Colleague: 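The structure is given below, and queries will be raised subsequently.
When a residue number appears, it is its place in the shown sequence, counting from 1. Keep in mind that this is a model prediction, so the values were computed, not measured.
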Amino acid sequence: MTFSRLLPLLLLVPALTMADEDRNFKLTSENFKVGSLLDGSLLENASKKAIALDRAIAISQEPVFPLQPNTLYLRYKKSAKEYFWFSGEAKPEEYKKLHAFNLKENHLSAREVIGLRLYASRQYKAFQDESDIYFDAEYVYSPRVPKLLFMKNGQWQILKESTHPGMVQIKSDEKDLDVVALNSSLKAGSKAVYPVNDGVYVFSFGAPDKLPYVDAGVLKPGEVLTFDVNFPVSDSGDIAPVNMSVSLEQVQALQTVEEAENLYDVFSSEVDRNFTRIDTTEFSKFYPPVKSADSLGLDDSNKVYRSYVSHYNFKRSEAQTLWRNKKLGAVSELYKAFRAKFDSLQALPVQINMTPVFVKKIMNATDSTKIDSLEFRFGIDRNRVETTWKGVVDEIPMDSLLKLMMVGDGSFVTTLFLANNKPVWVFKEGKIVGRYHYRYDKLGFRMGDKLIFGKGEFTLPLHIAIEPEVVEWLKNRAPESSSSSIASSSSSEVVKDTVVAEPNKKIIEHATRGTVALIDSGSFRFRGKVVSMSPYAIHTTEVTQEFFHKIMGLLDSAKRIPDRSAFTGANKPVQGITWENAQYACKVLGGDLPTEAQWEFAGRAGSNDGVLWTDDDAMSVGKYSIFAENSLKRGKKDAAYGPHDVATKTPNAWGIFDMSGNVAEWTRDNYFAITFSIESSNPTGSYWGTNKVLKGGSWKDKAKNLNMTVRDDEDPRYWSDHIGFRCVFPLERIIQDNKK
């Protein structure tokens with residue numbers, strides 16, 4: 001055989017060798033021994049393991065995916081071809097000693113890495129891999145070495161060590177402990193939760209006949225944050241005498257949820273009147289105080305800290321109410337009776353006959369004569385029933401169904417079916433402000449003795465969907481099969497409709513008022529003081545010349561004001577407008593110029609800085625702003641000279657453009673050189689002064705003048721080619737308009 005014929009075979013030998021070697025560096029399913037009990041050597045060293053091992057339950061199993069949360073898995077090597085696979089709870093003190101390797105950072109999946117032999121050195125042979133390796137869905141852990149290697153495609157690969165995740169554990173002897181994570185998605189019970197990132201964690205704790213409270217703690221990388229649940233207990237058991245018009249007999253005789261709610265409101269009002277007789281200083285002596293921001297390593301204005309304080313105050317108020325009830329003696333028994341009555345009445349399903357307030361036909365995109373689906377809106381804003389149903393009806397043509405609805409002789413009835421009669425109770429400052437249904441099951445149509453069902457989806461408005469009780473119900477509701485058809489009334493089982501929350505739109509394109517960003521309530525540091533802000537809506541861009549002409553088009557010709565813009569273009573901002581005319585345009589739209597605080601709060605978008613770029617990266621200014629460097633300094637002959645079209649630069653985190661540069665913007669506030677005081681809520685500027693505050697800088701300014709905390713001022717009669725405006729609106733008005 002010639003050398004030329006042997007060459008392909010010679011080249012194939014290393015490849016085959018490499019393939020065998022690569023395969024030997026991996027584990028197969030046969031390597032995992034199912035049902036093998038712990039051997040003696042493993043039991044002897046069990047105390048040193050990071051996983052809790054017990055001879056009675058620690059039986060090796062084949063790896064099953066997905067790996068379960070809050071579970072640690074141990075791959076224990078007995079021999080070159082025998083591996084045990086155990087699962088259980090992590091032991092906190094041993095867990096935090098492990099070296100952690102984040103799978104995502106290392107571009108590996110749990111399913112892939114379980115089958116890899118892992119090594120401490122490149123010098124090891126195929127069967128000399130690590131004997132103990134721990135896993136969860138996000139990490140691989142080594143108890144021995146800070147660097148792991150594996151063989152893949154004939155080459156050594158390195159696993160880079162990551163910052164060790166932490167563990168959050170909650171300790172309590174309460175059998176019916178209720179734990180709610182308030183700033184994370186953790187589902188923490190009495191067991192530990194891991195792996196979790198470092199940071200501040202906030203939980204509320206409750207249990208039957210205990211005073212609820214909120215606690216917060218700081219988790220450091222690789223550490224264990226433990227919450228020892230100790231419910232506040234009063235030293236005094238004194239009971240204050242009280243006279244109530246509501247009796248136990250009345251509560252027990254209630255027949256409907258509505259009757260129970262009405263009597264409860266009477267009872268609650270009487271309790272409130274008696275509360276004034278209770279000395280609350282005793283409560284403050286034993287109830288845990290709110291933790292300071294410093295103790296959590298946060299600033300007072302930090303969003304997490306503000307959320308913690310808000311939840312703390314809510315639970316403190318709830319606990320104080322419960323404590324007062326116990327102090328009032330008989331009130332506690334009445335509360336228990338009401339709770340039992342509501343539990344029994346609200347468990348019952350309910351049917352509500354209701355005529356839709358709005359019906360909409362959704363037509364086929366290609367055939368305008370064909371109805372694809374129907375949309376029904378039930379109830380009005382802030383009513384007990386307020387939902388939208390969208391879907392189809394299979395048993396009757398939808399145009400025929402609409403005709404039957406229009407007859408109005410009572411022969412056709414629309415019925416809402418609810419899983420049970422349990423509305424959500426919405427509180428504001430401790431007072432009930434509304435009760436709303438949300439547990440919708442299906443929509444039925446009654447035609448004489450016949451009942452047919454639609455097949456679709458209920459949508460809840462945001463003010464209902466955001467309630468924690470509703471959020472939890474939506475999350476836990478079993479998903480229905482979309483392929484199942486709705487049965488007729490003769491069927492034994494009817495498929496439920498889905499229930500979803502109304503989309504939380506932060507940007508709305510309003511037909512008349514333009515595109516606005518919805519700004520939630522919050523607080524920020526404004527001119528050296530932390531102030532709170534109520535919700536509102538603000539234009540996402542400066543008012544453009546095209547939009548300004550549309551605004552004026554809403555008025556009679558005699559009431560219109562001219563556009564004095566020196567740099568013209570449909571999408572360029574209006575310039576050369578006085579404060580009076582800018583405010584006039586906003587008023588035409590039903591809005592106003594923003595206050596300085598509203599403007600700055602929207603512009604900074606939750607940031608503590610007044611700029612969207614860092615001080616040591618001046619080159620990024622042009623990414624966000626039209627300013628002197630990319631406009632004025634180009635010279636009058638350059639097309640970039642002057643203000644540019646709006647929204648050509650990067651927006652802030654809330655989707656708002658050009659808050660720094662392009663044109664300076666009028667605000668509603670008076671300017672006065674001396675600040676005497678700033679309101680704690682929704683500041684409105686100085687009472688004194690005749691000039692008005694300008695914000696944001698313009699295309700003529702240097703970068704240092706674009707800081708959103710900087711304020712300029714001008715005579716309200718002044719106009720210039722570097723001054724424009726945008727408007728704000730009451731949030732309720734925008735949301736209401738968007739529903740129409």
Colleague: Considering non-hydrogen atoms only, spot the tightest contact between Glu509 and Thr515 and give its length.
Modeller: CG-OG1, 3.7 Å
Colleague: When the aromatic ring centroids of Tyr201 and Phe227 are compared, is their separation below 6.0 Å?
Modeller: no
Colleague: Is the backbone of Ala216 close enough, under 3.5 Å, to the side chain of Lys291 for a donor and an acceptor to pair up by distance?
Modeller: yes
Colleague: Donor-acceptor pair, distance only, cut-off 3.5 Å: does the side chain of Gln255 make one with the backbone of Ala253?
Modeller: yes
Colleague: For the residue pair Ser87 and Thr71, what are the closest heavy atoms and their distance?
Modeller: CB-CG2, 3.9 Å
Colleague: If we ignore angles and hydrogens, is there a donor and acceptor under 3.5 Å between the side chains of Glu270 and Ser245?
Modeller: yes
Colleague: Nearest 0.5 Å, please: how far is CG in Asp520 from OG in Ser534?
Modeller: 11.5 Å
Colleague: Is the closest side-chain heavy-atom distance between Ile452 and Val393 below 4.5 Å?
Modeller: yes
Colleague: Just verifying a value: how many Å separate Cys586 SG and His539 NE2, rounded to the nearest 0.5 Å?
Modeller: 7.0 Å
Colleague: Hey, are the side chains of Pro195 and Asp136 touching, using non-hydrogen atoms and a 4.5 Å cut-off?
Modeller: yes
Colleague: From Asn230 CG over to Tyr213 OH, what is the distance, rounded to the nearest 0.5 angstrom?
Modeller: 6.0 Å
Colleague: For the pair Ser400 (side chain) and Met398 (backbone), establish whether a donor and an acceptor sit closer than 3.5 Å, ignoring hydrogens and angles.
Modeller: no
Colleague: If you take all heavy atoms of Leu254 and Ala260, which pair is closest and at what distance?
Modeller: CD1-CA, 3.5 Å
Colleague: Using the rule given for side chain to side chain contact (heavy atoms under 4.5 Å, CB included), can you reason through Gln169 versus Val193, listing the C-alpha separation, both sets of side-chain angles and the distance that settles it, and then say yes or no?
Modeller: CA-CA 6 Å; Gln169 63 175 350; Val193 182; over 6 Å; no
Colleague: Taking Gly603's backbone N and O only, do any of them form a donor-acceptor pair with Asn652's side chain (distance below 3.5 Å, no angle check)?
Modeller: yes
Colleague: Using side-chain heavy atoms (C-beta onward) and a distance below 4.5 Å, is Leu404 in contact with Ile396?
Modeller: yes
Colleague: Taking all non-hydrogen atoms of both residues, which atom of Val470 and which atom of Ala465 are closest, and how far apart?
Modeller: CG1-CA, 4.0 Å
Colleague: Please check this pair: side chain of His437 against backbone of Val385, looking for a donor-acceptor N/O pair closer than 3.5 Å.
Modeller: no
Colleague: Is a donor on one side and an acceptor on the other found under 3.5 Å between the side chain of Arg446 and the backbone of Val413?
Modeller: no
Colleague: In Å, rounded to the nearest 0.5 Å, how long is the span from CH2 of Trp389 to OG1 of Thr498?
Modeller: 10.0 Å
Colleague: Just say parallel, tilted or perpendicular for the rings of Trp473 and Tyr438, cut-offs at 30° and 60°.
Modeller: perpendicular
Colleague: Look at the side chain of Arg513 and the backbone N and O of Leu589, then say whether any donor-acceptor pair between them is shorter than 3.5 Å.
Modeller: yes
Colleague: Considering all heavy atoms of both residues, which atom of Tyr287 and which atom of Val214 are nearest to each other, and what is their separation?
Modeller: OH-N, 4.4 Å
Colleague: Return the CZ to CE distance between Phe378 and Met354, rounded to the nearest 0.5 Å.
Modeller: 8.0 Å
Colleague: Between Tyr312 and Tyr308, how do the two ring planes meet: parallel, tilted or perpendicular, split at 30° and 60°?
Modeller: tilted
Colleague: Between Tyr436 (side chain only) and Arg384 (backbone N and O only), is there a donor and an acceptor less than 3.5 Å apart?
Modeller: no
Colleague: Any side-chain heavy atom of Leu374 sitting closer than 4.5 Å to one from Lys390?
Modeller: no
Colleague: Check the orientation of Tyr536 and Phe601. Use parallel for under 30°, tilted for 30 to 60°, and perpendicular for over 60°.
Modeller: tilted
Colleague: Can you tell me how the ring of Phe342 sits relative to the ring of Tyr264, calling it parallel under 30°, perpendicular over 60° and tilted otherwise?
Modeller: perpendicular
Colleague: What about Phe729 and His510, are their ring centers closer than 6.0 Å?
Modeller: no
Colleague: Does some side-chain heavy atom of Val251 sit less than 4.5 Å from a side-chain heavy atom of Leu263?
Modeller: yes
Colleague: Are the side chains of Leu296 and Asn302 in touch, meaning some heavy atoms are under 4.5 Å apart?
Modeller: no
Colleague: Are any side-chain N or O atoms of Gln598 and backbone N or O atoms of Pro594, one a donor and one an acceptor, separated by less than 3.5 Å?
Modeller: no
Colleague: Is the side chain of Asp497 donor-acceptor paired with the backbone N or O of Tyr440 at a distance under 3.5 Å, no angle test?
Modeller: no
Colleague: Below 30° counts as parallel, above 60° as perpendicular, anything between as tilted: where do the rings of Phe445 and Phe376 land?
Modeller: tilted
Colleague: Grab the two heavy atoms, one from Ala517 and one from Thr540, that are nearest each other, plus how far apart they are.
Modeller: N-CG2, 3.6 Å
Colleague: Please report the interatomic distance CZ(Arg377) to CD(Glu386), rounded to the nearest 0.5 Å.
Modeller: 9.0 Å
Colleague: My understanding is that only one of Thr414, Thr415, Leu416 makes a side chain to side chain contact (heavy atoms under 4.5 Å, CB included) with Asn353; could you say which?
Modeller: Thr415
